[in-house]
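Input: a single structure, listed below in structure tokens.
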Amino acid sequence: MVMTVILCTDNNGGRMFHGRRQSRDSAVTEKIREICKGKKLWMNAYSWKLYGNLDGVETVSDEEFLIKARREDYCLSESDRLSLVSDKIHAVILFCWNRSYPSDVCLDLDLEQWEKTMALEFPGTSHESITMESYKRNGALS
């Protein structure tokens, strides 16, 4: 089974600092809700506190969500080592804060090895500009 992973990073691939997310933005939360509407969105308990109540989205909190998710599911990952499950990942949706923050947890997938299928800049509520990019594994079926 393979799934789509949603994540947020800074300009350097940073994701968290001292056990906390680097940033948040309600415009990103709304984009995630739009993407996952009518679908299942898996996450861990930490992410559930912010993203667990998205209208129209079936959200599931489970510490083993990257193992339990199915092909049609989405996974919101803020701190997980994705390289450990990279063979299960079909697609990545990346939100970039377009800023550099301190970080001690960084993206551990080399997206240079993936095909970028979409890039969109949009204004955030706390960030002047956020970039949303979609990637699919080279050679992956849609």
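Small disclaimer: the values here were computed from a predicted structure and weren't measured.
Taking 4.5 Å as the limit, every side-chain heavy atom of W42 sits out of range of all side-chain heavy atoms of V5. Within the 4.5 Å cutoff, no side-chain heavy atoms of Y46 are placed close to those of S79. A heavy-atom distance below 4.5 Å is found between the side chains of H18 and D104. Here the side chains of S86 and L109 are in contact, with some heavy-atom distance below 4.5 Å. The side-chain heavy atoms of L120 and M118, taken from C-beta on, include a pair separated by under 4.5 Å. Residues I93 and Y74 have side chains in contact (heavy-atom distance under 4.5 Å, counting atoms from C-beta outward).
Between the CD atom in E115 and the OH atom in Y135 there is a gap of 11.5 Å [rounded to 0.5 Å]. Atom CD of E121 is separated from atom CG of N98 by 6.0 Å, given to the nearest 0.5 angstrom. Rounding to the nearest 0.5 Å places CH2 of W48 at 12.0 Å from CD of E63. Taking NE2 of H90 as the start and OG1 of T4 as the end, the distance is 6.0 Å to the nearest 0.5 Å. From K136, atom NZ reaches atom CH2 of W114 across 11.5 Å, with rounding to the nearest 0.5 Å. Note that OG of S47 is 10.0 Å distant from NZ of K49, once rounded to the nearest 0.5 Å.
Donor-acceptor pairing under 3.5 Å is recorded for the side chains of Q22 and D10. In the model, S77 has a side-chain atom that pairs as donor or acceptor with a side-chain atom of R15 under 3.5 Å.
L107 and W97 are not part of a single hydrophobic cluster, where members link through side-chain heavy atoms under 4.5 Å apart. Residue Y51 is grouped with residue M132 when hydrophobic side chains (ILVMFWY) are merged at heavy-atom distances under 4.5 angstrom, including chains of intermediate members.
In this structure a side-chain-to-backbone donor-acceptor pair under 3.5 Å is present from T59 to G52. Judged by distance alone, the side chain of K39 and the main-chain N or O of E72 form no donor-acceptor pair under 3.5 Å. In this structure a side-chain-to-backbone donor-acceptor pair under 3.5 Å is missing from N12 to G14. Judged purely by atom type and a 3.5 angstrom limit, N44 has no side-chain atom pairing as donor or acceptor with the backbone of S61. Looking only at distances, no side-chain donor or acceptor of D25 sits under 3.5 Å from a matching main-chain atom of G124. Between the S126 side chain and the R24 main chain, a donor and an acceptor come within less than 3.5 Å of each other.
What you find for S83 and D108 is that their closest heavy atoms are OG-OD2, 2.8 Å. Across all their heavy atoms, A27 and F122 have their closest contact at CB-CE1, 4.0 Å. The two residues C8 and V28 have their closest heavy-atom pair at SG-CG1, 4.1 Å. Residues K88 and A69 approach most closely at NZ-O, 3.6 Å, considering heavy atoms.
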**Report entry** Criterion side chain to side chain contact (heavy atoms under 4.5 Å, CB included) on L41 and E58, from CA distance to verdict
**Finding:** CA-CA 6 Å; L41 175 62; E58 181 185 350; over 6 Å; no
Report task. In sequence, state the C-alpha distance, the side-chain angles, and the governing distance for I89 and M3, and then conclude on side chain to side chain contact (heavy atoms under 4.5 Å, CB included). Result -> CA-CA 5 Å; I89 301 171; M3 72 282 194; 4.2 Å; yes
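Using a 4.0 Å cut-off between charged nitrogen and carboxylate oxygen, K37 and E34 do not count as a salt-bridge pair. Electrostatic pairing of K40 and D73 does not count as a salt bridge here, judged by no charged N lying under 4.0 Å from a carboxylate O.
Taking the ring centre of F95 as origin, the terminal cationic atom of K31 falls outside the region bounded by 6.0 Å and 45° from the ring axis.
Within a 6.0 Å radius of CG in N53, no more than 12 heavy atoms belonging to other residues, nucleotides or ligands are found. For R21, the CZ atom counts as densely surrounded, since its 6.0 Å shell holds more than 12 non-hydrogen atoms of other residues, nucleotides or ligands.
With L54 as reference, I32 is the one residue of I35, L76, I32 to meet the side-chain contact (heavy atoms from CB on, under 4.5 Å) rule. Exactly one of I6, L111, T117, L82 qualifies for a side-chain contact (heavy atoms from CB on, under 4.5 Å) with V92. That residue is L111.
Under the 30°/60° scheme for interplanar angles, the aromatic rings of H127 and Y101 are found to stand perpendicular.
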